[in-house]
Amino acid sequence: MTAWTLHPDRALPADPVTRPIAREIYEAVQDLPIVSMHGHVDVTAFADDEPFPDPAQLLVVPDHYLTRMLVSQGAQLPELGVGPVDGPGFESDPREIFRRFCAGWKHFRGTPTRYWMEHELVEIFGVTVRPSAETADQIYDQIAETLADPTFRPRALLDRFGIEIIGTTDPAWSTLDEHARLAADLPGRVLPTFRPDPLLHPARATWQGDLERLATASGIATDTYAGYLAALRERRAAFVAAGGLATDHGHLSADTTPLPDDVASSLFEKALRGSSDGSGISTAEESAFSAHMLFQMAAMSVEDGLVMQFHPGVLRDHDPAVAATFGPDKGYDIPVVTEFAHGLRPVLEAFGNSASFRMIAFTVDEDVYSRELAPLAGVYPALRLGAPWWFLDAPDAMRRFREAATETAGFSNMSGFVDDTRAFCSIPARHDLARRVDAGYLARLVAEHRLDLDEAVDTAADLAYHLPKLAYAAR
């Protein structure tokens with residue numbers, strides 16, 4: 001049997017005119033350092049720097065892109081090592097979990113998950129046989145042996161992967177203790193990102209408890225609207241002091257309409273009373289309050305310089321029964337139609353021309369790239385257009401993004417690539433794919449005599465490395 005290898009020109013254009021140009025552009029940027037400014041790798045992995053437990057826990061269980069495909073083909077989350085929130089009742093044998101993944105390998109054909117995973121298996125772990133039911137144990141043993149090597153611990157992999165900076169995503173009430181430890185050992189390398197979403201949606205069941213966590217972390221009482229705002233400001237300041245560069249917001253709507261202070265205060269008090277007496281606030285009131293708080297987060301970004309990452313338009317936990325049993329982020333988040341032109345107008349009217357404000361807007365509704373987001377980013381100095389994200393983090397979707405957005409926004413008004421992953425070992429695979437797709441797009445511009453080759457190489461380096469650093473350096 002021939003050893004499994006990856007074609008060096010994978011994801012580059014197929015036609016013989018642009019492929020050699022794309023290859024030359026890609027080769028000029030393939031080894032640039034990775035700037036991974038937004039993701040969900042747990043900071044404790046770097047702080048503790050313990051060996052990864054096993055191949056299943058590293059590659060399968062935390063990757064909801066992977067598990068959702070297997071679930072769509074009849075697998076159950078517990079069979080894939082995803083346990084209920086209230087205790088046991090799931091597969092605990094990592095080898096069995098890995099076997100189920102390998103047996104379902106064919107279901108990933110044509111998906112970005114297939115591209116990322118084969119890059120990880122071949123390029124990182126040296127696997128030479130394609131996953132299948134028959135090869136699962138062989139692959140598992142090879143990866144497990146590799147993970148036992150000290151050079152494959154999390155901090156060492158930062159160097160192996162060429163990751164210059166990585167951002168984690170942390171709740172507003174995080175103590176940031178792990179980041180303090182890392183600041184001493186890896187200064188400026190692993191940075192916290194402020195994620196206040198649970199605190200901005202008072203209808204959520206966890207809101208009251210999260211307010212108490214905020215009060216404890218900040219040392220400021222959150223039983224009044226003024227105290228609530230002050231506590232959020234204090235925590236933002238703590239993130240800045242810990243090296244944080246950005247906030248992160250994942251609301252359903254892009255609405256950023258502010259409310260009068262007295263109305264916002266009244267809604268806060270109503271929500272607080274409702275948490276104890278069961279009355280609560282209406283859906284419309286909560287939507288208005290969360291939109292108002294997005295405006296407040298933008299205003300605070302003007303004050304403290306944190307870049308505001310905004311990625312609305314996802315209906316979280318589409319199956320409430322799955323969320324109740326297994327918790328959030330299990331693959332049941334579904335994109336919805338999103339409107340940005342009116343939604344972002346309040347924030348952009350107030351701060352869009354400010355040198356002290358930076359927003360990076362992402363979407364999973366690609367219809368709005370050419371109609372709304374590219375024109376907005378192409379005129380407001382404070383706005384950058386984020387990379388294709390989530391379900392659009394795929395070869396053809398990234399090509400469509402370049403074609404839809406570049407002519408209006410240009411390259412300089414974009415964030416560069418942002419991987420947004422929970423799966424640590426997929427980071428180099430995702431950045432590699434983005435560099436290949438960009439090389440292909442730029443090669444077409446060269447072949448059509450719309451760019452010179454040296455300009456294309458320079459632009460590819462911007463997209464891969466320079467633009468992410470610029471986009472997240474608002475302060």
Side-chain angles (χ1 to χ4, degrees), residues 38-40 60-86 89-91 100-101 104 107-108 110-114 116 169 171 195-207 210 248-255 280-291 294 309-340 343 361-369 386 388-394 396-397 418-423 426:
H38 175 62
H40 299 273
V60 180
V61 179
D63 192 342
H64 60 69
Y65 289 94
L66 190 154
T67 57
R68 75 187 309 273
M69 177 59 76
L70 296 177
V71 167
S72 78
Q73 293 298 309
Q76 301 296 312
L77 284 172
E79 296 175 335
L80 302 172
V82 180
V85 294
D86 58 357
F90 60 96
E91 180 61 67
R100 292 191 173 103
F101 155 63
H107 303 312
F108 297 100
T111 69
T113 301
R114 159 72 179 250
W116 304 328
T169 300
R195 182 69 177 256
D197 282 3
L199 296 161
L200 310 187
H201 295 84
R204 292 190 181 182
T206 62
W207 187 66
D210 293 338
D248 185 47
H249 309 271
H251 294 214
L252 178 62
S253 168
D255 186 15
I281 63 175
S282 70
T283 300
E285 288 173 326
E286 197 223 16
S287 296
F289 185 81
S290 64
L294 280 172
Q309 296 179 113
F310 188 34
H311 45 83
V314 176
L315 178 59
R316 307 276 173 166
D317 303 321
H318 194 273
D319 188 334
V322 170
T325 303
F326 300 101
D329 303 318
K330 297 301 181 287
Y332 283 82
D333 299 340
I334 307 298
V336 296
V337 173
T338 309
E339 193 281 329
F340 286 87
F362 300 81
T363 186
V364 278
D365 180 3
E366 62 180 308
D367 288 345
V368 304
Y369 281 142
W389 166 71
W390 214 330
F391 298 113
L392 302 182
D393 184 5
D396 291 333
V418 178
D419 56 74
D420 186 40
T421 185
R422 286 176 169 77
S426 76

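Not measured: the values here are computed from a predicted model.
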[Y] backbone acceptor or donor facing [X] side chain under 3.5 Å:
X    : Y    : result
R100 : E79  : yes
D63  : A423 : no
D317 : A323 : no

Minimum heavy-atom separation for [X] and [Y], please, with both atom names.
X    : Y    : result
L200 : S290 : O-CB, 3.3 Å
L199 : W207 : O-NE1, 3.0 Å
D365 : V336 : CB-O, 4.0 Å
F340 : A254 : CD2-CB, 4.1 Å
D255 : S253 : N-OG, 3.0 Å
V82  : K330 : CG1-CE, 3.5 Å

Determine whether [X] and [Y] make a side-chain contact, defined as any pair of heavy atoms from C-beta on separated by less than 4.5 Å.
X    : Y    : value
W389 : V314 : yes
R316 : P328 : no
T111 : M69  : yes
H249 : P312 : no
P202 : F289 : yes
D419 : W116 : no
L315 : D333 : no

Atom [atom1] of [X] and atom [atom2] of [Y]: how far apart are they, to the nearest 0.5 Å?
X    : Y    : atom1 : atom2 : result
Q73  : L70  : CD    : CG    : 8.5 Å
S287 : H201 : OG    : NE2   : 8.0 Å
T67  : Q76  : OG1   : CD    : 12.0 Å
F108 : Y65  : CZ    : OH    : 13.0 Å
E339 : D367 : CD    : CG    : 13.0 Å
F326 : D86  : CZ    : CG    : 9.5 Å

Set out, in order, the CA-CA distance, both residues' side-chain angles and the distance that settles side-chain contact (heavy atoms from CB on, under 4.5 Å) for F90 and L77, then state yes or no. CA-CA 8 Å; F90 60 96; L77 284 172; over 6 Å; no
side-chain contact (heavy atoms from CB on, under 4.5 Å) between L80 and V71, worked out: CA-CA 9 Å; L80 302 172; V71 167; 4.3 Å; yes
With side-chain hydrogen bond (donor to acceptor under 3.5 Å, both in side chains) as the test, would you mind laying out the steps for S426 and T421 before giving the verdict? CA-CA 7 Å; S426 76; T421 185; 3.0 Å; yes
Please find out if less than 6.0 Å separates the ring center of H40 from that of H64.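 No, the ring centres sit 6.0 Å or more apart.
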Going through the distances and angles, do D248 and H311 end up as a side-chain contact (heavy atoms from CB on, under 4.5 Å)? CA-CA 8 Å; D248 185 47; H311 45 83; 2.6 Å; yes
Give the ring-plane orientation class for H251 versus F310, where under 30° counts as parallel, over 60° as perpendicular and anything between as tilted.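 Because their plane-to-plane angle is over 60°, the rings of H251 and F310 count as perpendicular.
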May I ask you to decide if the ring planes of F362 and H38 are parallel, tilted or perpendicular, using 30° and 60° as cut-offs?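 Because their plane-to-plane angle lies in the 30° to 60° range, the rings of F362 and H38 count as tilted.
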Please test D420 against D393 for side-chain contact (heavy atoms from CB on, under 4.5 Å), starting from the C-alpha separation and ending with a verdict. CA-CA 9 Å; D420 186 40; D393 184 5; over 6 Å; no
Under a 4.0 Å N-O cut-off, is there an ion pair linking R422 with D329?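 Between D329 and R422 there is a salt bridge, with a charged N closer than 4.0 Å to a carboxylate O.
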